Amino acid sequence: EAPQTAAAPTGTAGQQIVQTPTGTAGPTCTLSQFGGEKFDLKSATVGFSQSEKEANPFRIAETKSIKDEAAKLGIANLKVTNAQSQFSKQITDVQQLIAQGAKLLVIAPLNSDGWEPVLQQAASKKVPIITVDRKINAKACTDYLTFIGSDFYEQGKRAADKMIEALGGKGKVAILLGAPGNNVTTERTNGFKDRLKEKAPGVTISFEQTGEFAREKGQQVTEQLIQSNPDINGIYAENDEMALGAVTALKGAGKQPGDIKIVSIDGTRSAVQAIVDGWLHSVIESNPRFGPLAFETAKKFLDGEGIADKVIISDREYDQANAKDSLGEAY
Amino acid sequence: MKRTEAVLEARGITKRFPGVVALDDVHLALGAGEVHALVGENGAGKSTLIKVLTGVYQPDEGDLTYDGAAVGFDTPLDAQKVGISTIYQEVNLVPMMSVARNLLLGREPRGRLGVIDTARLYGEARGILREYGIDTDVRRPLRSLGVGAQQMVALARAVSVDAKVVIMDEPTSSLEPREVETLFGVIGRLREAGIAVIYVSHRLDELYRVCDTVTVLRDGRVAHTGPLAGLDRLKLISLMLGRDLAEVKSSGLTRFNRDHDRVGGAPVVEARGLTRRHVLTDVTISVRPGEVVGLGGLLGAGRTETAKAIVGALPLDGGRVLVAGQPLPTGRTVAAIRAGVSMLPEDRKAEGIIPGLSVRDNIALAALPALARAGVVSDARIDRVVEIFMKRLRIKAASPYQAVSELSGGNQQKVLLARWLAVRPKVLLLDEPTRGIDVGAKAEVQALIDELAEEGLGVLLISSDLEELVEGADRILVLREGTVVGELSGDDVTEEKIMAAIAERADD
Amino acid sequence: MNREQLGRLLQHHGAMMVLGMLVVVGTLGFDSFATPDNAASIVVSSSFLAVVAIGTTFVIISGGIDLSVGSLFVLGGVLAAFGSQYGFAVALLLPLAVCGLVGLVQGLIIARTGLAPFIVTLAGLLGVRGMMLTISNEGATTYLVKNPAFAALGQGEILGLTYPVYLTIALALAAMVLLQRTGFGQNVYAIGGNEQAAALMGVPVARTKIYVYLMSGLLAGLAGALNAARLSSGVTILGIGMELDAIAAVVIGGTLLTGGAGGVTGTVAGVLLLGVIQSLINQVGNLTSSIQQVVSGAFLALVVVAQRLLSKAQR
Amino acid sequence: MTRWIRDYGVYAAVLALLVFNVLFTPHFLDVANFRTQLVQVTPIVIVSLGMALVIGTKGIDLSVGSVMALAAALTALYLGYGAAVAIVVALIGGAVAGAAGGVLVSYVGIQPIVATLALLVGVRGLANVLVPQLVEFRNPDLIALGSNALFGVPLIVIIAAVLTLLLAFLVRRTTFGRQVVAIGGNRAASELSGLPVKRVLVLVYVISGVLAALAGVLATARLQASDPTSLGMFIELSAITAVVVGGTPLSGGRIRVASTVMGALLMQLLSATLIKHNLPQSWTQMVQAVIILAAVYLTRERGKR
Ligand SMILES: Nc1ncnc2c1ncn2[C@@H]1O[C@H](COP(=O)(O)OP(=O)(O)OP(=O)(O)O)[C@@H](O)[C@H]1O
Ligand SMILES: Nc1ncnc2c1ncn2[C@@H]1O[C@H](COP(=O)(O)OP(=O)(O)OP(=O)(O)O)[C@@H](O)[C@H]1O
Ligand SMILES: [Mg+2]
Ligand SMILES: [Mg+2]
């Protein structure tokens with residue numbers, strides 16, 4: 001595990017970079033192992049199942065990246081569905097994509113568990129599935145092809161590192177949790193807590209309430225929090241929206257930038273701007289631009305190359321040092 | 001007639017509602033084969049007693065014996081199970097369910113596997129209804145029947161079970177004469193079979209025709225109980241009203257005095273050729289100031305529809321209404337009311353009172369715009385109007401702020417009259433203004449109608465009570481199947497002639 | 001008479017007709033719409049909502065409403081997955097017992113205190129989701145279905161359709177018989193049509209209501225359990241807004257929200273209609289999520305308005 | 001006594017919760033804390049006022065949350081023309097959405113819950129079509145509206161208070177208010193009494209829409225961002241709860257304005273208490289369920305069996 005602090009190489013404008021280069025780590029999967037047949041990506045029906053409304057920067061960037069890349073590659077028949085945050089609907093969406101003859105599926109799962117029916121159907125038709133952003137709890141290469149995305153647990157740990165750094169190893173921290181029942185929430189929380197326990201017992205968590213990944217909720221919870229716990233030193237927000245809501249709350253309470261250290265995850269433009277303005281201490285990136293990597297993986301797979309069981313991207317982080325310069329690359 | 005031990009007996013029943021003692025130490029004994037009249041003014045406690053007898057209410061004090069044993073019914077179902085069958089005052093069936101399912105609810109014929117056998121369900125229902133002279137498609141929803149037919153279904157439902165006691169709370173208030181005869185036939189048969197009947201009605205003629213004994217309730221207490229034969233009619237009324245016999249005698253039975261000498265001038269409202277498919281055909285009616293025009297006919301003849309059409313509450317296929325020569329826009333109640341035409345609806349509960357509001361708010365409702373300044377209500381003005389009408393109509397209420405739903409039927413009716421008088425109409429359409437209200441209140445309402453006509457108000461009076469119609473109206477139009485089939489005026493206004501007018505065409 | 005029949009036909013089978021129309025449109029417009037796979041996906045995914053909506057149909061006909069079914073659905077799933085580690089019977093019975101109990105309690109409160117069903121089941125919606133979060137460690141734990149027999153209950157197939165589909169059909173038929181051909185069904189219609197009258201006619205109003213909410217709870221729990229079997233896990237993020245889908249399906253199916261009229265056939269058609277609309281949107285395959293929402297809302301309004309106008313025209 | 005509980009139960013419950021917090025919640029007595037609670041409850045109060053009116057007619061308005069979102073979207077779109085213009089457009093949007101619901105309910109005759117359910121889905125979609133994602137703004141006027149105070153009382157709280165008084169006046173003292181209650185009590189009778197039933201109904205839904213839109217504008221001003229995706233999500237349930245807990249029956253025919261505000265405050269204090277004591281979400285929801293039931297049970301209509 002290597003903490004990544006590198007800013008993106010110039011010229012790639014926020015492109016994802018792979019942390020574990022394909023072929024070096026873990027078992028790989030080839031077309032013959034998978035059992036499928038080669039087909040021409042350009043003329044095939046490709047399905048993309050988005051999980052949530054394209055209403056936040058992450059999802060917008062994610063869907064756009066897939067569509068743009070498909071267009072760039074000349075994939076004429078890209079079918080996009082959106083489950084509107086309803087898991088049952090996503091299952092049905094994917095099944096209907098399969099029924100429409102999709103030869104390749106790119107899925108941004110709403111949830112890691114519960115994919116049994118889809119996986120069975122895809123496996124029987126030998127449709128390779130690439131899941132992006134979130135994992136599916138199943139066997140790579142048999143049930144699905146591979147996973148491309150960040151390591152949420154790792155993000156939580158890195159956020160903890162940043163928090164420890166900001167507080168100098170001592171202080172009281174509040175957590176703005178994501179939506180309950182979400183794998184992302186769970187992993188980002190666990191990573192954060194484990195790391196604190198391990199590295200900085202002096203930092204205690206005195207408050208954790210859900211902000212449901214939404215700005216307004218983040219604002220409201222923070223308002224209550226700073227009222228009843230005025231001695232709080234840091235806030236860990238599990239996404240940028242809640243962090244920005246917290247900033248509004250702090251402003252409203254007459255706090256100055258930096259009074260309370262805020263660390264969050266995602267790397268949206270507004271959040272990076274807030275670092276520049278001094279309100280956020282740092283942001284761990286979670287890069288949504290899966291298009292190029294997903295289709296590159298698919299092409300390699302179809303060309304017979306071995307594909308790793310997971311493709312973990314290296315997320316950057318933003319802080320005072322690089323925020324201003326990286327503003328253009330944030331999504 | 002055999003009189004044996006009481007089948008059903010109530011002793012010392014007391015029932016209190018917030019603010020009222022509805023029943024106070026009431027005794028009632030009912031023998032097998034006895035038809036027992038239960039009478040009293042509106043609000044005397046008749047319906048409450050019935051509800052106590054049948055498990056709808058629990059008495060605060062007192063006890064019941066049934067078949068010689070002490071009983072207590074927690075629900076109406078308990079009472080029904082042991083053989084007490086009841087027709088409650090309001091038509092109490094389920095409008096959206098079919099006639100057959102209403103009729104046999106709770107005892108549907110079962111087929112194999114204990115599942116309802118629909119063929120038999122419909123067959124049995126048809127059979128039962130035919131006995132009561134109703135020939136209708138039993139699969140139709142009940143609400144598609146007229147009120148009278150619905151009442152007959154309720155009757156058939158109550159009587160067709162194996163009951164030892166049948167209780168009827170004002171069963172005839174919405175029946176037409178022929179149906180009333182059928183009902184009396186049924187009661188006769190029940191008596192033969194040794195079944196006890198409690199019969200509530202405000203129509204004294206009926207009581208004398210079918211009842212053996214009578215219990216008079218007044219203000220929740222038993223004022224008299226004993227055989228009906230030999231009890232003078234005026235005496236009975238004085239018992240109900242709690243007034244001297246002499247006083248009752250002097251005021252007479254109906255309060256109408258017909259000769260409205262100030263009738264005259266151009267019609268204040270004129271309806272021409274009102275037509276609505278299947279309901280009304282070319283109905284033309286006019287009412288002059290100070291005139292009481294009666295509208296006669298059997299149930300379902302289209303009288304209510306005519307009145308509704310005039311005030312714009314019924315969409316029409318043809319015809320128009322003129323007020324003082326000016327045509328009214330069709331289908332707009334607001335316009336009719338503004339022009340001075342108001343209607344007192346037939347169904348007090350469903351279309352009249354606003355139960356949650358006070359007497360005061362109910363009276364002021366229609367006149368609100370007139371009683372307000374720039375949309376802001378003026379309490380002073382409302383108080384004045386409410387006071388005037390409560391006094392004039394002798395509305396009995398604890399205060400203007402009492403909820404109207406707590407008033408007895410007669411007083412509710414007066415509140416509604418007050419609502420309409422408060423908008424100062426030129427014409428009032430009264431649809432069954434005295435239905436279900438007691439002799440005392442009835443006389444008051446009738447006197448009021450008279451008085452209003454004297455003052456120059458035009459009145460259209462719809463009533464199924466022929467006596468009332470004859471005594472009250474200057475001129476009578478007879479409707480049948482939505483068409484005017486006769487007009488009577490002057491000396492022709494008699495019950496016989498009305499009957500003849502209805503019958504003449506019926507025999508075609 | 002003829003018009004009356006026509007009106008009744010439209011009220012009862014309007015959803016069925018619109019469904020037919022949409023299927024024709026879909027078949028003509030999209031090659032991949034009328035394929036067995038796509039049809040199966042619609043039917044299979046609709047079956048769970050259908051089971052829930054059958055319960056909702058009873059509740060609505062009785063003049064009530066049940067907002068707790070979405071929460072009971074997810075609770076049922078979590079309990080089933082949790083119970084599956086103790087065997088098939090526990091996996092199936094635990095959710096039924098708990099969800100049935102919740103339904104029973106709601107029914108008792110509604111029937112005995114006269115509180116508005118809307119509010120009681122709204123409290124249920126919150127409370128049950130809270131229970132689910134407690135069991136699943138604030139939603140962090142997803143129990144996996146360990147019992148293969150139980151998983152097969154949700155995944156096994158006959159003729160390309162999974163068991164839950166057949167179970168749903170059986171339940172719908174049973175519900176139809178229950179509603180039309182038993183005393184209980186008659187009582188449900190009666191209390192929905194006129195509660196006071198029903199009481200006076202000797203209908204056990206309280207008991208009927210209690211059964212209705214009990215049934216709704218049981219069916220929601222069963223649907224959740226079946227879904228967990230299908231997904232092989234007790235997913236904790238399900239069921240949000242499902243009560244509204246169920247109500248929409250019931251209403252589209254011609255059941256009056258005021259109670260006293262309606263039926264199961266319409267509900268099933270309503271559920272399928274929602275499924276077909278979703279599928280058509282997916283067939284287009286390029287609508288943005290917000291446009292999808294506008295289309296769904298507009299369609300719901302359209303169906304209800306059309307139904308209303310047609311049934312008005314009959315009079 | 002029972003009557004007293006029915007009429008003033010909400011006040012007692014709010015008081016009880018206040019006492020609990022004063023005793024057990026640190027820093028509860030700070031002025032800033034009360035400001036926070038009032039500011040947070042404002043949108044719910046404003047929405048509840050409209051909801052109370054709708055419920056008074058025996059209706060229900062599920063679309064309020066989506067209308068808030070629509071208002072947020074419109075505000076963002078028209079902010080370029082100045083805050084005043086944006087607000088007016090947003091309120092007009094709310095009025096139009098409300099009118100759509102009102103027309104469906106009164107003229108077409110669709111049950112309120114269905115009509116407004118369709119709007120709930122459709123209007124939120126529309127708001128998202130107009131503004132697909134959260135938009136931050138820097139308009140000083142709008143930000144001032146959300147954060148400024150007058151004599152220490154936040155502007156938006158003053159606005160909510162004034163609206164409460166206005167609505168109480170409307171309900172108690174105007175012809176319109178009486179007509180609303182009468183229609184809820186008995187629609188057929190109101191029609192025959194010559195009340196402009198359909199017009200009143202449309203107006204009621206329009207008022208609800210405008211109030212929801214205003215709530216949306218204020219929430220947007222406070223958030224300093226327009227967020228049509230999640231703004232007002234599920235607020236209809238909170239508002240209905242506030243109204244019912246305040247003793248306005250869902251069966252219509254009665255409206256209690258002051259108690260509705262108390263109902264909203266009760267729910268706000270409750271959630272604040274649970275958050276401040278850092279209880280997990282699961283607890284929060286279960287406690288809320290119990291309190292709602294208890295409150296509604298105590299304030300229920302009695303005498304009817
Ligand atoms: N549910 C109730 N709550 C409060 N008061 C009631 C209730 N039911 C009846 N009352 C009151 O009890 C008294 C008796 O009413 P009841 O209905 O028994 O009269 P009634 O003799 O049947 O009159 P009517 O001839 O008009 O039918 C009246 O004063 C009435 O206002
Ligand atoms: N809801 C309805 N559906 C179908 N037909 C109806 C409906 N209501 C009334 N009718 C029919 O309209 C006609 C007129 O009925 P209406 O009630 O006006 O009679 P009426 O003379 O006023 O009798 P009464 O007032 O004594 O009940 C009848 O043929 C009746 O069957
Ligand atoms: Mg009575
Ligand atoms: Mg009539």
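So you know, we letter chains A, B, ... as the sequences are listed, proteins then strands, and number each from 1. Keep in mind it's a predicted model, so treat the numbers as computed, not measured.
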A/Glu54 portion near chain C, given a 4.5 angstrom heavy-atom threshold: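 The answer is both parts of A/Glu54.
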
Using non-hydrogen atoms only, which part of A/Ile91 is less than 4.5 Å away from chain C: side chain, backbone, both, or neither? side chain

Using non-hydrogen atoms only, which part of [X] is less than 4.5 Å away from chain A: side chain, backbone, both, or neither?
{"X": "C/Ser41", "result": "both"}
{"X": "C/Val145", "result": "neither"}
{"X": "C/Ser279", "result": "both"}
{"X": "C/Leu133", "result": "side chain"}
{"X": "C/Ile281", "result": "neither"}

Looking at [X], I want to see if its [atom1] is surrounded by more than 12 non-hydrogen atoms of other residues, nucleotides or ligands under 6.0 Å.
{"X": "C/Asp31", "atom1": "CG", "value": "no"}
{"X": "A/Lys89", "atom1": "NZ", "value": "yes"}
{"X": "A/Glu198", "atom1": "CD", "value": "yes"}

Please round to the nearest 0.5 Å and tell me the distance separating atom [atom1] of [X] and atom [atom2] of [Y].
{"X": "A/Gln120", "Y": "C/Glu157", "atom1": "CD", "atom2": "CD", "value": "7.5 Å"}
{"X": "C/Thr142", "Y": "A/Asn183", "atom1": "OG1", "atom2": "CG", "value": "6.0 Å"}
{"X": "C/Arg230", "Y": "A/Glu116", "atom1": "CZ", "atom2": "CD", "value": "11.0 Å"}
{"X": "A/Asn82", "Y": "C/Ile291", "atom1": "CG", "atom2": "CD1", "value": "12.5 Å"}
{"X": "A/Gln96", "Y": "C/Ser45", "atom1": "CD", "atom2": "OG", "value": "6.5 Å"}
{"X": "C/Gln283", "Y": "A/Thr81", "atom1": "CD", "atom2": "OG1", "value": "11.5 Å"}

Taking C/Ser233 for its side chain and A/Gly114 for its backbone only, find out whether a donor-acceptor pair lies under 3.5 Å. yes

Greatest number of heavy atom pairs closer than 4.5 Å to chain A - which of C/Ser32, C/Gly77, C/Ser136: C/Ser32

Identify which one of C/Val235, C/Leu231, C/Leu238 satisfies the side-chain contact (heavy atoms from CB on, under 4.5 Å) criterion when paired with A/Asn111.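 So the option named by the test is C/Val235.
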
Do the non-hydrogen side-chain atoms of A/Gln100 and C/Asn282 ever get within less than 4.5 Å of each other? yes

Under 4.5 Å between any side-chain heavy atoms of C/Gln293 and A/Lys53, yes or no? yes

Grab the two heavy atoms, one from C/Ala140 and one from A/Thr186, that are nearest each other, plus how far apart they are.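 The answer is CB-CG2, 3.5 Å.
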
